[in-house]
Student: 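Provided herewith is a single structure, encoded as structure tokens, for subsequent inquiry.
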Amino acid sequence: DVRTIYEHFSWSFHVPLETPTDKNDQDVETSMRPITVSEMNQQMHYYKNNDVLGPTNPESRYVMEDVPYGLVLTVILGRLLNCPASLHESG
């Protein structure tokens, strides 16, 4: 299964999937609501202080090494083994 963007942020950057709702004067307990992608980004960048920026130029190691030796190899092996790497091919 392919993870949702919410699961990716939560698992990769330790951002919660839910946040407390505003308390009503009548409610003693605070209920939870799903967190938005915007709130997840705010927590990743401002509260967690994580550097989540990607490569800054096309000659970076990530592009020059990971694409030909990682992504392309995975796609080719998947095709040879009749087990397509759909996520890698979606690009």
Student: Through direct or indirect side-chain contacts below 4.5 angstrom among Ile, Leu, Val, Met, Phe, Trp and Tyr, which residues connect to Leu81?
Tutor: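 In the cluster with Leu81 there is nothing else; it is isolated.
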Student: List the residues meeting side-chain contact (heavy atoms from CB on, under 4.5 Å) with Ile5, not counting sequence neighbours, and say none if there are none.
Tutor: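 Result, side-chain contact (heavy atoms from CB on, under 4.5 Å) vs Ile5: His8, Phe9, Val37.
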Student: Do Ile35 and Glu18 have side chains that approach each other closer than 4.5 Å (heavy atoms only, starting at C-beta)?
Tutor: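 No, every pair of side-chain atoms sits at 4.5 Å or beyond.
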Student: Work out which heavy atom in Met40 is nearest to a heavy atom in Pro16; give both atom names and the distance.
Tutor: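 Result for this residue pair: CE-O, 3.6 Å.
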Student: Distance-only check: which donor-acceptor pairs under 3.5 Å involve side-chain atoms of residues 64-72, not counting sequence neighbours?
Tutor:
{"from": "Asp66", "atom 1": "OD1", "to": "Arg61", "atom 2": "NH1", "distance (Å)": "3.4"}

Student: Of all residues at least two apart in sequence or in a different chain, which pass the salt bridge (Lys or Arg N to Asp or Glu O under 4.0 Å) check with Arg33?
Tutor: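 With sequence neighbours excluded, Arg33 shows a salt bridge (Lys or Arg N to Asp or Glu O under 4.0 Å) to Glu39, given in chain and number order.
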Student: Under the salt bridge (charged side-chain N to carboxylate O under 4.0 Å, His left out) definition, can you give me all pairs with a residue in residues 75-85, not counting sequence neighbours?
Tutor: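 Residue pairs passing salt bridge (charged side-chain N to carboxylate O under 4.0 Å, His left out), neighbours aside: Arg79-Glu89.
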Student: Is a side-chain N or O of Thr21 found less than 3.5 angstrom from the main chain of Met32, in a donor-acceptor match?
Tutor: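 Judged by distance alone, no pair lies under 3.5 Å.
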Student: With a 4.5 Å cut-off on side-chain heavy atoms, are Asn41 and Ser38 touching?
Tutor: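 No, side chains not in contact.
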Student: Kindly write out the residues that satisfy side chain to side chain donor-acceptor pair (under 3.5 Å) with Arg3, not counting sequence neighbours, or none if the list is empty.
Tutor: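 Applying side chain to side chain donor-acceptor pair (under 3.5 Å) to Arg3 gives none.
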Student: Would you give the length of the straight line joining atom CG of Leu17 to atom OG1 of Thr19, rounded to the nearest 0.5 angstrom?
Tutor: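 Answer rounded to 0.5 Å: 11.0 Å.
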Student: Taking transitive links into account, so neighbours of neighbours count too, which hydrophobic residues share a cluster with Leu73 at under 4.5 Å side-chain distance?
Tutor: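 Same cluster as Leu73: Leu77.
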Student: Write down the atom of Val75, the atom of Ala85, and the distance for their closest heavy-atom approach.
Tutor: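 Closest pair (atom of Val75, atom of Ala85, distance): CA-CB, 4.5 Å.
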